[in-house]
Amino acid sequence: MTRYSAWSIFKNGLAGQRNWRRAWRDAEPRAHYDIIIVGAGLHGLATAYYLAANHGAANIAVLEKGWLGGGNAGRNTTIVRSNYMMPGNRPFYEHSLKLWENLSHELNYNVMFSQRAHITLLHTPAARDAAARRYNTMRLTGSDGELWDLDALKRAVPHLNYDNARFPIIGAAVQRRAGTARHDAVAWGYARAADQLGVDIIQNCEVTGITRDANRVSAVQTSRGPIRIGNAGKVGLAVAGNTSRLWAMAGLGKLPVETHLLQAFVTEPLKPLLDQVVVFGVGGAHFYISQSDKGGMVFGGDLDWYKSYAQRGNLPAVQDVAECATSILPCLGRVRLLRHWGGVMDMTMDGSPFICKTPLANLYLNAGWNYGGFKASPASGWYFADLMANDRPAPVIADFDLGRFRHGVNIDERGAGPDPKLHG
Amino acid sequence: MIRIPCPFCGERDHSEFAYGKDASVQYPPLDAPLEDWHEAVFLRDNIRGVQLETWQHLHGCRQWLVVERDTATHHIHSVRAAHPGVAAVLAGAGNDAGSGK
Amino acid sequence: MSARRLPDGGRIDRAEALRFTWDGAELTGHPGDTLASALLAGGVQLIGRSFKYHRPRGVMSAGVEESGALVTVAGAGDGARRDPNVKATVQELYAGLAAAGQNAWPNVRFDLGAAANRLSRFLPAGFYYKTFMGPRIKGGTTVWMLCEKFIRRAAGMGAASRLPDPDQYEHAHAFCDVLVVGGGPAGLAAAATAARAGLDVLLVEQDFQLGGDLLNQPLADAGELLAEMLDDARSAGVRAMTRTTAFGLYDGCVAGLIERVTDHLADPAPFLPRQRFWTVRARRIIVAAGALERHFAFGNNDRPGVMGAAAARAYLNRYAVLPGERIVVATNNDSAYPVAGELAAAGAAVEVLDARPADRVRQLAQQAGARGITVRPHCAPLRAVGARRVKALEVAMEEGGRWRHGGRQACDAVLVSGGWSPAIHLISHLGGKPRWNRRLACFTADANGESLLTAGAAAAIWDTGACRVSGQAAGAAAARALGKDAPGIAMPAPGGWRSPIRPLYEVRVPGAHLKSMVDPLNDVTADDVRLAHREGFTSVEHLKRYTTLGMSADGGKMGNVIGLALMAEALGRASDGDGGDGADPDIAAVGATTFRPPYTPVALGALRGRSVGGHFRPLRRTPMHQWNLERGAVMTIAGLWERPWYYPRHGETLDQAYIREAATVRESVGLCDVTSLGKIAVQGPDAAAFLDRIYTNRFAHLPVGKARYGIMLRDDGLVLDDGTTWRLSETDYFMTTTTAHAATVMAWLEELLQVRWPALRVHVASVSDQWAGCAVAGPKSHRVLSACADSPEALTDHALPFMGVGRMSLGGGIPCRIARISFSGELAYEVYAPSDYATAMMDALWAAAEAAGGCLYGLEALGALRIEKGHVTGAELDGRVTLDDAGLGRMAAKGKAFIGSTLRARPELQREDRPKLVGIRPKDRAARFNAGAILCRPGQLSGLGEGWVTAVTHSPALGHWIGIGFIRGGEAAWRGQSAVAADPVRAAPVEVDIISPHMFDPDGARMRG
Amino acid sequence: MAELTRISALHGHADARRLGAGAGAPGVILGEIGGLRLRQIAAWPDCIDAVGAMAAAAAGVDAAPGPGRAVESMAADSAAPACALLRVEPLKWWLLGRPAGPLNIDAEQGAVVDLSHSRAHIRIRGPRAAEYLNRHLPLDLREASFTEGAVASSVLHHVGVTLWRSGRNYELFIPRGYALSVWEVLLQTAAQFDAEVIPPAAEGGGE
């Protein structure tokens, strides 16, 4: 396997780019694996990688019904941040951000993590104080966070709407270490690195059934035939958007999850126009924007507000983000939307995820990332691998379990209440 | 745009409505045990396909509706007022409901 | 030679000259021109520079699929209207238009960035994934971020203005029976047929003229037919919109349209929107959007002078521009022959290279020969020659199924027809899967047959006559489906060429190093596709993401099919050994990407319409809004409301003003606009029972004429909202909610009554806008109210005791509701008047209050007063707080069940060591601290802390800063211990005492008067 | 007691003016109507007919209107409508104007609430009124669909509003707090219709 570097590019340039090999094998399914991860999205691929890299696990398959990284991995607005404050969340997301900072080196794949700063605009004293609590918590727990006054914000982003805004901007909460990464590259980087450690990534292999032997999974049925799991074998689910369907296949009933639709948007490419991630949320609006390295303005807003498995959205959400975009960046009025598309999210009852054991002894669940799963994927894989390898949750993810609703554990960063559509 | 045929107002854009929740959930009595409330408030079938769900015609007649909709295609099969008394009233007056004629 | 305007012909208005500028040089065109046609007519051939390699580009098409002639239009004014990435091929010419090249320095003719082209062998698809990681420095991203700066600057095509867009945009709504997309022969026929059957038909066309391909045919051939079809549609009552693109189809037979209202005008009226975004709800949609001509990949197939054959036909017949004098037409299908003939007739020397074998083109060759055109079968273009424009073409000849070098041909234009791709994008938006038609070498999509129909070239029907019939068939089918009488017309079969197309996507010969563009707009080459294959990015989704194929501003209209074909070919070769150059690659096996809206890029301004600037969201004003402003109020945001924040006098700061206001309330009296509180009429025989279910405390036995403070929980047992509810009669209550949750609570009550408890006979009605409210607070409040009351006896302790509710008339007949309730801890009242009388009420109250030495107070003073009393608001009730956390556990009635009563008993919500509401006071009374600070144990200023500060004020009553917040275990757990308010984002830590939240008048003596 | 002066939400903002090019006949004529009298009458489902009959009697019309419809009564001494009854929700009517008779609905039948001050009332007419309204309102206002006497609630610039077609006029009711904001947006769009803003009129006037 070629190690990627400037030198390898140069050598191959001289050779007409003919000597590159496959980034990962196109593995055929075998009849038996020790560990099966269902879903070759970011979380599944990262889990497989860390199982092999951190825990020395072998004989691992990742099953993907379509193409790896073809779901939400490739359909998000690529924002990476760790500005979480609730005790159950804070150390997890900080760990994830630290993994991001070395991910390109770890994977020998440039995931283009650009720590360009994440700026949340503030409009009211109450919002400023709420942000202070959050960013103070981040600072006290070893992360970075700042409150900017209006002058500092104007110096950093001079062309925001300071003159004619319905909701005047009074300052910003900033995490400088946050930023964006190239979403596809993360999937491909994990896939390549996992493949190098012997993981079989099996594409076009849809799981159609889960066979149980009492309270264990004994096999998974797939569109490419059954795959058995040994006595010490384990199965992990990482199938955002379709978690409930797999859960039902395992005969486990209901989950605190609903599938909802979120759209993402990109404009025509432009010369550099915005150097940070900017987040806008006031008066019921919710909006985030950054510029890709290619030049497109990449942005998104709220869910489409109704439950949906359809990967296409509707016009009201399109209008809403256009209103937000031009409201904070009035120069975007003439900028043209190039594409908008929808993905399906595991929305949970408290906006928080699950990395946990299940009622079945060898089945593990990684789900419920709402629309914050991209930034979480390294730590999600890290801790899910740890959970599967050691059959117990690390303290960091203790609250990411299914029992928290019964017990009354609250890690809802928004306080929005038990309604999936209100989280994000 | 999902177009929802409101039994009072006629067919309207979904943006006039607010999505509620899974209408198959039966809320237990207020003094029911914790397990019953846990299931009603937190657990969902999350159907891919036709489900019953509530919507409120927030910017129209403000009725809460029970909508039978396919979550994979957004196709709507039926709509009725959630309140049985309202449904009965509309059934009686249903000849020109919402047509504006 | 380059292109030139012919002395006559075309659909341009030669009587009028339009001056415009290109890169500062003045040129002239005519009405009816596009910028591209006018530039070609003016001899300008090098118009753009490509995205990645900065290759020279010219006009490649005559439509929205343009990949070469992307320009920046300066726009009128100071640069705020600068519009980058405009396709010159669809920009209508107007007088004064100023356009310039982009993505080049110093200009498109001499571009230093073209060095990238020389290094292109080191910059293949995906090269950036493999490098720029650098050594691990600091966080690990240092090197990448340094490189990223340069990469970002090199990427990005045009530069957008940073000034606010000065133009206005608007939305519009339309309804119709049938929406027809496309104003060509199929669309016109469909619209006319449906309209004649009695349907309301809306026809939209992106071009500025109706006619579609008929506009590109010679006037002598097609003029009459077009006039007849236009007349037919018009007389049938079809509503037609030009300059209007159907950019997306959505659920429910809804289409999004963009109408370009002023983009073609030199000096539009100031009140016209630049563009209009239409939402159209149709019952049926007929997609007659035509088809897009493809090219094939060959060396330098992006040089200025290489153009689509159909585009050349448009320039020749519609704009009277001859694209060259010595023209090579390269094709694999019949459609290029008419244009070859027309070009020859216009005086050009034309040679046709047809990739098909001689026996398949014999008849076409004979007809062409009669016009002096040589047709060379088995031939295709191999490489365009010429640094900045085409000067010659190297030709490939096929022998024994292999391409080989076939000589060189001097020419100044190469016109390519590689086949046609039906515009199925709109169908795909709604989930219609593209299917590869091997016979016609194109993707088609099945319209769903119910709401969606297709006609014309969008259905892969190539012949004009058949297109027209297909339109009639679709229009009639739509009419019948909608219950109208219409004849059954058979839909013509797809296709329509005499000699079948030969699938051909790339021409290359062994050993030749060719730069062959697949997706010219993103500089994706044929080699890039093969590299993607080599590295395993073989699925269509991986291919497009790895190479960026089809992800550019044309959405893959030019290149997608070629990219898929090359991948299919590579896959075929890998599996079959050697598929051979002549084989038809199995494109179906690679699949097609899902087309996403918009069909063509749409300005964000149009999508947002008038929701911009101060109107981004409606501003909600209380009836006293202006009254408050006139008395010096500084406003602050409260949801969609603006509310008085403070009323500075004589240049007071915020702190000075609110401290004075709060002190005045404590000493004498103050007035505060509380209109924004939610107000709900709760009426009916079961209203009392209903309130008992939604509030944690009891309401059933609340006497008529009394108010009570209540708290609502959510189903999960956490606090939803609070407020007072007044009992006006046995069956009539007046509920107030917080400003923030007014709408939420209203919808929640409706849900409970309609969905969960339909047996309850209760009506709720929002009366928030009906009533304007004023709090009158302070020891002199009774005196002030008495002074303006029409009958002061209504205000006696007996008539209106603490928590009493009544009606009163003040200011000479203003009918008010009044309750003696207090948020400030003072003797206080809330008075509500019908909104149109609000200012009259305020005038009366203020006259009395001013005379009593009172003040107007805003939200900041309101906050100070409530913090002194430990009253919770939104900062505390943040959706994660229980009754007990907020110190309101006593509000939970025992012995009755209410919403949330079961789940609030969950064990984690009942823990004693949960953070609980406390008061906070600095140890050093002179010290100041902030809301948002984290409460820590002294000496332990790290970690998650023990609690947090929610609100802080300077207490005029206590003379120092105080706050409230939550801390683990509450006051009891902290007795005798101090804490530290850590605020690293703003200030140094401050040592504080944890005290009771009731910091002022804890017994409430003042409030009871 | 002297009649109190009502200060509407658009007070000082709805003065007469001409918008747009200002030549020729206006395409749209709009203006504020003051002095709204509005009572909302609600019925329990099983009392809908009885309450409807009482509402109709109070309004001076033969029968209460069905969903999406309104009926008007004429004052005895004038050609102008005295009262109108609009069916705005399945169980609710709006009674506009001065009732011809008393309205005594007890709690066992339904509920009445005064909303006279809760809405701003804008009247819009002119040859292009429907087209103009459709710049904002997602309602099917085509002649055959939204006939005279039609009533519909919908959303206009994020605000829930009610539209009633009375004769050649469109009567638009906007929640008071939002009214000025919505009015400002309405005026922005009106200019391209060569609109005329007519002076505020009292209830029933403005023809």
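Just so you know, these numbers use all the heavy atoms, side chains as well, and skip hydrogens, waters and symmetry mates. Numbered from 1 within each chain, the chains take letters A, B, ... in sequence-line order.
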>> With a strict 4.5 Å heavy-atom criterion, list every residue of residues 763-770 of chain C that contacts chain D, or say none.
In response: C:His763, C:Val764, C:Ala765, C:Ser766, C:Val767, C:Asp769, C:Gln770
> Tell me, which pairs form a salt bridge (Lys or Arg N to Asp or Glu O under 4.0 Å) where one or both residues lie in residues 101-122 of chain D, sequence neighbours left out?
Replying inline: C:Arg761-D:Glu108
>> Only heavy atoms, only distances under 4.5 angstrom. Which residues in residues 174-187 of chain D are near chain C?
In response: D:Pro175, D:Arg176, D:Gly177, D:Tyr178, D:Leu180, D:Ser181, D:Glu184, D:Val185
> If contact means a heavy atom pair closer than 4.5 Å, which residues of residues 52-60 of chain D contact chain C?
Replying inline: none
Can you tell me which portion of [X] sits under 4.5 Å from chain C's heavy atoms? Options are side chain, backbone, both or neither.
X: D:Ala130; answer: neither
X: D:Leu38; answer: neither
X: D:Gln192; answer: both
X: D:Arg135; answer: both

> More than 12 heavy atoms of other residues, nucleotides or ligands under 6.0 Å from NE2 of D:His13: is that the case?
Replying inline: yes
>> Taking side chain as everything from C-beta outward and backbone as N, CA, C, O, which of these in C:Pro273 sits under 4.5 Å from a heavy atom of chain D? Side chain, backbone, both or neither.
In response: side chain
> Measuring heavy-atom distances to chain D, does C:Glu170 have an atom under 4.5 Å in its side chain, in its backbone, in both, or in neither?
Replying inline: side chain
> Is any side-chain heavy atom of D:His117 closer than 4.5 Å to a side-chain heavy atom of C:Trp771?
Replying inline: no
> Which atoms form the tightest heavy-atom contact between D:Val113 and C:Ala681, and what is the distance?
Replying inline: CG2-CB, 4.2 Å
> Should the pair D:Asp140-C:Arg281 be classified as a salt bridge under the 4.0 Å nitrogen-to-oxygen rule?
Replying inline: no
